[in-house]
Engineer: 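Shown below is the structure under consideration.
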Amino acid sequence: RVVDLGGGHGLLAQAMLLLDNSSPDALVVEPALPASSARVHAALVEAWPRLAGRIEFVESPLEDVELKETDVVVSCHACGDLTDRVLDRAVGARARVAVLPCCHELATCDWGSLAGWVDRSLAIDILRAVRVERRGYRVWTQTIPATITPKNRLLLAAISGGLPSSA
């Protein structure tokens with residue numbers, strides 16, 4: 001199952017099901033679902049009927065949703081400490097996780113002592129990767145093209161041995 005935390009319209013979850021049909025379903029969790037999320041989903045189902053009945057939208061605090069070890073937890077443009085909350089939830093469930101951090105809040109996010117060498121938002125993401133790795137995860141760091149988004153650092157993680165080496 002794909003679990004899109006802070007998923008808004010659920011575009012990431014739905015794209016993941018389209019790209020990899022091996023996931024049976026997806027759960028989109030948002031504290032306040034956008035009013036247009038049902039219309040957007042209906043338009044996607046019309047274009048890709050195999051999405052029908054596979055996406056559940058839940059209006060709930062992220063902390064109230066049960067995660068499973070078999071889940072793939074994702075969040076795109078996880079603003080501020082949302083990235084940390086998503087990582088903590090996924091690691092707590094021992095689930096695989098992929099996040100695209102965004103809008104680094106320097107006042108609340110941990111940038112440690114690295115800011116003398118690197119940009120503080122990069123320092124925050126480096127420490128996130130290290131923190132997840134120290135909890136028994138293998139971490140992959142990548143970037144997506146800056147032409148897609150300037151907030152383009154991608155952090156992928158799975159329990160050591162949890163993904164093939166081609167990830």
Side-chain angles (χ1 to χ4, degrees), residues 1-20 23 26-41 43-44 55-65 67 71-135 137-158 163 167:
R1 172 178 80 158
V2 173
V3 180
D4 189 354
L5 295 178
H9 290 91
L11 295 176
L12 177 57
Q14 294 176 85
M16 288 189 65
L17 292 186
L18 290 171
L19 293 171
D20 179 6
S23 294
L27 178 65
V28 178
V29 182
E30 179 66 47
L33 288 168
S36 58
S37 61
R39 289 191 310 274
V40 169
H41 174 63
L44 290 171
I55 312 289
E56 179 184 358
F57 290 85
V58 175
E59 192 167 86
S60 167
L62 309 181
E63 292 74 20
D64 292 352
V65 174
L67 297 178
D71 289 338
V72 178
V73 179
V74 299
S75 192
C76 181
H77 286 286
C79 292
D81 73 345
L82 177 57
T83 296
D84 298 304
R85 293 168 47 215
V86 169
L87 290 171
D88 289 344
R89 293 292 325 280
V91 170
R94 300 185 55 78
R96 292 169 288 172
V97 63
V99 293
L100 190 66
C102 184
C103 305
H104 298 78
E105 293 176 357
L106 300 178
T108 59
C109 295
D110 182 14
W111 44 272
S113 58
L114 298 175
W117 287 348
V118 298
D119 172 78
R120 288 182 180 176
S121 64
L122 177 58
I124 290 167
D125 289 340
I126 290 169
L127 289 179
R128 286 170 169 157
V130 168
R131 188 173 64 246
V132 169
E133 198 170 50
R134 286 184 176 161
R135 297 203 43 204
Y137 275 70
R138 180 164 178 210
V139 171
W140 295 264
T141 56
Q142 300 178 0
T143 57
I144 61 173
T147 53
I148 294 173
T149 178
K151 303 291 187 180
N152 64 342
R153 287 192 291 270
L154 181 61
L155 189 157
L156 307 158
L163 287 178

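Below, each value reflects all heavy atoms present in this structure, side chains not excepted, and no hydrogens, waters or symmetry copies.
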Engineer: As an exercise, state the distance from CZ of Arg128 to CG of Asp88, rounded to the nearest 0.5 Å.
Structural biologist: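 Between atom CZ of Arg128 and atom CG of Asp88 there are 10.0 Å.
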
Engineer: Working to the nearest 0.5 Å, report the span between CD1 of Ile126 and CZ of Arg153.
Structural biologist: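 The CD1 atom of Ile126 sits 8.0 Å away from the CZ atom of Arg153.
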
Engineer: Enter the distance from Leu100:CG to His77:NE2 here, rounded to the nearest 0.5 Å.
Structural biologist: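 That separation rounds to 5.0 Å.
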
Engineer: What is the minimum heavy-atom distance between Ala157 and Val139, and which atoms define it?
Structural biologist: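 For Ala157 versus Val139, the nearest heavy atoms are CB-CG2, 4.2 Å.
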
Engineer: As an exercise, state the distance from CE of Met16 to CZ of Arg1, rounded to the nearest 0.5 Å.
Structural biologist: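 If we round to the nearest 0.5 Å, Met16:CE and Arg1:CZ are 13.0 Å apart.
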
Engineer: Please determine if Arg96 and Asp71 form a salt bridge, counting it only when a charged side-chain N lies under 4.0 Å from a carboxylate O.
Structural biologist: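 No.
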
Engineer: Under the side-chain contact (heavy atoms from CB on, under 4.5 Å) test against Val86, which residue among Asp81, Leu155, Leu5, Val3 passes?
Structural biologist: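 Going through the options one by one, the only one that passes is Leu5.
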
Engineer: Determine the minimum heavy-atom distance between Leu62 and Pro31, stating which atoms define it.
Structural biologist: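 For Leu62 versus Pro31, the nearest heavy atoms are CD2-CD, 4.3 Å.
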
Engineer: Just wondering, are more than 12 heavy atoms of other shown residues or ligands nearer than 6.0 Å to CZ in Arg85?
Structural biologist: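 Yes, CZ of Arg85 has more than 12 neighbouring heavy atoms, counting only those of other groups under 6.0 Å.
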
Engineer: Please list, one pair per line, the donor and acceptor atoms closer than 3.5 Å that link side chains of residues 113-120 to other protein atoms, with sequence neighbours excluded.
Structural biologist:
{"from": "Asp119", "atom 1": "OD2", "to": "Ser121", "atom 2": "N", "distance (Å)": "3.0"}
{"from": "Asp119", "atom 1": "OD2", "to": "Ser121", "atom 2": "OG", "distance (Å)": "2.3"}
{"from": "Asp119", "atom 1": "OD2", "to": "Leu122", "atom 2": "N", "distance (Å)": "3.3"}

Engineer: Could you tell me the separation between the NZ atom of Lys151 and the SG atom of Cys79, rounded to the nearest 0.5 Å?
Structural biologist: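 Taking NZ in Lys151 and SG in Cys79, the distance rounds to 8.5 Å.
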
Engineer: Where do Val58 and Val28 land on the side chain to side chain contact (heavy atoms under 4.5 Å, CB included) test, with the steps shown first?
Structural biologist: CA-CA 6 Å; Val58 175; Val28 178; over 6 Å; no

Engineer: Where is the tightest heavy-atom contact between Thr141 and Ala129, given as atom of each residue plus distance?
Structural biologist: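 Closest pair (atom of Thr141, atom of Ala129, distance): CG2-CB, 4.4 Å.
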
Engineer: Using the test salt bridge (Lys or Arg N to Asp or Glu O under 4.0 Å), find all partners of Arg89 that sit at least two apart in sequence or belong to another chain.
Structural biologist: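 By the salt bridge (Lys or Arg N to Asp or Glu O under 4.0 Å) rule, Arg89 matches no residue at all.
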
Engineer: Closest approach of Gly10 and Asp4, non-hydrogen atoms and distance?
Structural biologist: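 So the two residues come closest at CA-OD2, 4.1 Å.
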
Engineer: If you look at every heavy atom in Ala93 and Leu67, which pair is closest and at what distance?
Structural biologist: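 In terms of heavy atoms, the two residues are closest at CB-CB, 3.7 Å.
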
Engineer: Using side-chain heavy atoms (C-beta onward) and a distance below 4.5 Å, is Ser75 in contact with Leu82?
Structural biologist: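 Yes, side chains in contact.
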
Engineer: Tell me if a side-chain donor or acceptor on Glu30 pairs with a main-chain N or O of Glu59 at a distance below 3.5 Å.
Structural biologist: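 No, Glu30 side chain to Glu59 backbone: no donor-acceptor pair under 3.5 Å.
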
Engineer: Which heavy-atom pair separates Leu12 from Cys76 by the least distance, and what is that distance?
Structural biologist: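 Closest pair (atom of Leu12, atom of Cys76, distance): CD2-CB, 3.7 Å.
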
Engineer: Could you tell me the separation between the CD1 atom of Ile55 and the CD atom of Gln14, rounded to the nearest 0.5 Å?
Structural biologist: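 Between Ile55 CD1 and Gln14 CD, I get 4.5 Å after rounding to 0.5 Å.
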
